[in-house]
Amino acid sequence: MAMRLVYLSLFCFATFLPFNTKAQNKTDQFLFPEFKTGVIKYKAGQRKQAKLNYNKLTEEMVFDNNGVLLALIDDPQIDTVYLNQKKFIPEGRYFFEVNTEAATPFFIQHRFAFIPPAKKVGYGGRSETSATQSMSHLTEGGQIYNLQATGDYKLWPANVLRLKTKNKYAEVANWKDLIALMPEKKEQLKNLSKSQKIDFQNEEDFAKLLKQL
């Protein structure tokens, strides 16, 4: 199990998970190409600055503490993170980006999906599982496996778009999900679904759709 530590000299009451920095040699693990100075706003009103980035492999907000990468984990005191002109809110161990381009705000869970290495089957064949999995399943003891360097895994962006309901952030993966969340716009959405192709993992597509409602 990874050691949890409280880094009081930087953030009060914050819990962090140490990373293996040797595995951090692929910048495309992160949402941004480099760590940028961001602001962490706490519910009590305090604001702290740090060099931040979002790791899409482990789905964690990470900060650079003099070359040591630490992940911000489950701090109930955090209200918002402002980074690279974007706004993120905590939800459990994740941070969702808030998109307010349309009148109805939506939330982006940035992540990668992967297909594990092909397994050998009978007669020398190989088989790949069709199910995608979260990259966070491949972390252990604070380490991040550099899978792209090995070539064993197929990786691609698999963002999840969400709308906030009364008590949760509901995933919107297709037209059916959206209609269920917006029953008052059912007929309008059905008509739009006949004339428009929407990638429900693409925030730009989704924002354009919401602007029409």
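Computed from a predicted model, the values in this text were never measured in an experiment.
Of the possible polar contacts, one joining the R162 side chain to the Y169 backbone as a donor-acceptor pair under 3.5 Å is found. Judged by distance alone, with hydrogens and angles left aside, the side-chain atoms of D79 form no donor-acceptor pair with the main-chain N or O of K41 at under 3.5 Å. Although no hydrogens or angles enter the test, the distance criterion places no donor-acceptor pair under 3.5 Å between the side chain of K56 and the main chain of A158. Between the side chain of N65 and the main chain of V68, no donor-acceptor pair closer than 3.5 Å is present. In this structure, N159 contributes its side chain and E203 its backbone to no donor-acceptor pair below 3.5 Å. Although no hydrogens or angles enter the test, the distance criterion places no donor-acceptor pair under 3.5 Å between the side chain of N55 and the main chain of V62.
To the nearest 0.5 Å, atom CG of residue N84 and atom CD of residue E97 are 9.5 Å apart. The CZ atom of R47 sits 12.5 Å away from atom OH of Y42, with the distance rounded to the nearest 0.5 Å. L163 CG to L210 CG: the interatomic distance, rounded to the nearest 0.5 Å, is 6.5 Å.
K186 places none of its side-chain heavy atoms less than 4.5 Å from the side chain of M182. With contacts defined as side-chain heavy-atom distances shorter than 4.5 Å, the pair L213/Q188 qualifies. Taking the side chain as every heavy atom from C-beta outward, F35 and L69 approach each other to under 4.5 Å.
Taking 4.0 Å as the cut-off between side-chain N and carboxylate O, E187 and K185 do not count as a salt-bridged pair. Taking 4.0 Å as the cut-off between side-chain N and carboxylate O, R93 and E59 do not count as a salt-bridged pair. A salt bridge is defined here as a Lys NZ or Arg NE, NH1 or NH2 lying under 4.0 Å from an Asp or Glu carboxylate O, and E101 with K211 meets this definition.
At a threshold of 4.5 Å between side-chain heavy atoms, the hydrophobic network of Ile, Leu, Val, Met, Phe, Trp and Tyr places W175 and F106 in one connected group.
For E184, the CD atom sits in a packed shell: over 12 heavy atoms of surrounding residues, nucleotides or ligands are nearer than 6.0 Å.
Taking the six-membered ring where tryptophan is involved, the planes of H110 and F88 are tilted, since the angle between them lies from 30° to 60°.
In the model, Q109 has no side-chain atom that pairs as donor or acceptor with a side-chain atom of E91 under 3.5 Å.
A centroid separation of 6.0 Å or more is found between the aromatic rings of F32 and Y54.
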